[in-house]
There are 2 protein chains.
Amino acid sequence: MSSPSPKLALFKQFALVAKTLGHPQRLELIEQLGQGPRSVDLLAEKLGAPIANVSQHLQTMRRAGLVAAERQGKFVVYRLADDSVLAAMKAIRRVAENNLAEVDKIVRGYFEERDSLEPVTREELSGRLRDGMVTVLDVRPADEFALGHVPGALNVPLSELDARLATLDPEKDIVAYCRGAYCVMSFEAVSRLRAQGFSARRLEDGMPEWVAAGNAVASS
Amino acid sequence: MSSPSPKLALFKQFALVAKTLGHPQRLELIEQLGQGPRSVDLLAEKLGAPIANVSQHLQTMRRAGLVAAERQGKFVVYRLADDSVLAAMKAIRRVAENNLAEVDKIVRGYFEERDSLEPVTREELSGRLRDGMVTVLDVRPADEFALGHVPGALNVPLSELDARLATLDPEKDIVAYCRGAYCVMSFEAVSRLRAQGFSARRLEDGMPEWVAAGNAVASS
DNA sequence: CAATCATTCAATTGAAATATTGAATATACC
DNA sequence: GGTATATTCAATATTTCAATTGAATGATTG
């Protein structure tokens, strides 16, 4: 009757999920979708990859239960299937952080001083937001900012940072964030701000986790 | 200078971890190692796979930071790198449970009545253990039982269940457990016990989670 | 120091995943 | 209805992964 052990059948399904997560570009797609639903088009542009390629990755991910798709007019909008997907990506990241020397090397290699990596917790930020003694920088591109951001945050894309340094209050602490835990832009922003004498730190994780933790989101 | 974006480099590492988890046999190895360190030999026997094959999987897993190896005499003993590995496997399982219809189908198809799947929580079990009004069955093979089990548990491998039915107190509730959440043996045991009129339920998860939650372990 | 046992290595084969390209489909807009 | 746009499909070439087999290595035992 070709009935293999149910355990094997289940493990094959779990393996399908894991295998599908096992591709850098697909992880990048998850990072993007962690911020909200996006069209194939936009995702391809963000990744700098051919549309057909991205489309196929998205379909692979749909078959593995990672994302869902919905047609909206002439666009097909993809979104993460549910919160468990981000949780799984986070769990995998932790394994890599804990056990792969290579990860440590990359992180240390890119950012000279280790302490600039110590992030501000979400709790700390919501507290200090109320005091008003902190400047929050959203260093993502303007289009992503427009689709949702931390209330009160200034949108200063990395490319404009230098030009807008003068408008920042040097008396206030700065907290920068972008897409997720390893979105490089916030590291880069903090590094540059510190070089200019500002007291700057990163927010732990990024936008999707801020939302997931039940914090307010503004959009414009 | 061939210095790709650090984000890409990191994502490649994360993808390596996920990809390595993406193989049913390797997930099975993790399930086994979740119970404690094991030799290549023993693992191969448990999986019913060729030793060379298992050895290669283990080496792949070591390169991905999932397991660590240590030589003990003429054996090489592998163990999980740390708790994050089990956490990652659990997170992946959750994605599959939430979003893959196939998983639901398998679980439902194998066990006719859905309620037999409602597990006893670890907290509930530790409470009832103190009252002494519950019989705990460890349905794993004797060798795995010997390496660590819930205190007070009876070792009744599935193959011996029928023969030992008469020795079980029909007045007590029975809680069965085995290796992990989808170790089929505890489902099967509960199903058979219920057919015989016993009040039987499964323990949520299995041995590794019991240990991870800080509960006592007995060995013999 | 030879014999034995556990593990790993190396080479081969077959299977699967990926990127790429151009064509096909579906929807909206005029 | 025709055209533009967004997405998917199909076919192919390339690369990577997995299982198998037998030989090689490393450690223990007598």
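As the structure is a computational prediction, the values presented were derived from the model and not from experiment. Just so we're on the same page: letters track the sequence lines, and every chain starts at 1.
When the side-chain nitrogen and oxygen atoms of A/His57 are compared with OP1 and OP2 of C/dA19, one or more of them lie within a distance under 4.0 Å. In this model, the phosphate group of D/dA19 is approached by a side-chain N or O of B/Gln25 to a distance below 4.0 Å at OP1 or OP2. At the phosphate of C/dA6, neither OP1 nor OP2 sits under 4.0 Å from any side-chain N or O atom of B/Arg71. In this model, the phosphate group of D/dT8 is approached by a side-chain N or O of A/Ser55 to a distance below 4.0 Å at OP1 or OP2. A/Lys74 has no side-chain polar atom (N or O) that falls below the 4.0 Å cut-off from OP1 or OP2 of C/dC29.
In this structure, A/Glu70 atom CD and D/dT7 atom P are separated by 13 Å, rounded to whole Å. Going from atom CG of B/Leu16 over to atom P of C/dA17 covers 17 Å, rounded to whole Å. Atoms CE (B/Met61) and P (D/dC17) sit 16 Å apart, rounded to a whole Å. Rounded to whole Å, atom P of D/dG26 lies 19 Å from atom CG of B/Asp41. When the C1' atom of C/dT18 is taken as reference, atom CZ of A/Arg63 falls 13 Å away, rounded to whole Å. Atom pair B/Leu58:CG and C/dA6:P shows a separation of 16 Å (rounding to whole Å applied). Atoms CZ (B/Arg38) and P (C/dT7) sit 13 Å apart, rounded to a whole Å. Going from atom CD of B/Gln56 over to atom P of D/dA19 covers 9 Å, rounded to whole Å.
Side-chain atoms of B/Asn155 come within 3.5 Å of backbone N or O of B/Arg140 as a donor-acceptor pair.
Out of C/dA26, D/dA19, D/dC9, the shortest distance to the side chain of B/His23 is found at D/dA19. Listed nucleotides: D/dT8, D/dA6, C/dT7. Nearest to the side chain of A/Tyr78: D/dT8. Side-chain proximity of A/Val40 to D/dA6, D/dT8, C/dT7: nearest is D/dT8. Considering only side-chain atoms of A/Phe75, the nucleotide from C/dT7, D/dA6, D/dG22 that sits closest is D/dA6. Picking from D/dA18, C/dT20, C/dT8 the nucleotide with the shortest atom distance to the side chain of B/Arg26 gives D/dA18. Of the listed nucleotides (C/dT8, D/dT7, D/dC9), C/dT8 has the atom at the smallest distance from the side chain of B/Ile51.
Note on B/Ala49: nothing from the nucleic acid sits closer than 4.0 angstrom, heavy atoms only. No engagement by A/Thr60 is indicated, since no non-hydrogen atom pair under 4.0 Å with the nucleic acid exists. Here A/Gln59 lies in heavy-atom contact (under 4.0 Å) with sugar-phosphate atoms only.
Using a 4.0 Å cut-off between charged side-chain N and carboxylate O, B/Asp143 and B/Lys46 make a salt bridge. Remark: B/Asp205 engages B/Arg93 in a salt bridge, criterion side-chain N to carboxylate O under 4.0 Å. No salt bridge links A/Glu209 with A/Arg122; every basic N to acidic carboxylate O contact stays at or beyond 4.0 Å.
A side-chain N or O of B/Ser55 and one of B/Gln59 form a donor-acceptor pair less than 3.5 Å apart.
The aromatic rings of A/His149 and A/Phe145 sit parallel to each other, their planes meeting at less than 30°, with 60° as the upper class boundary.
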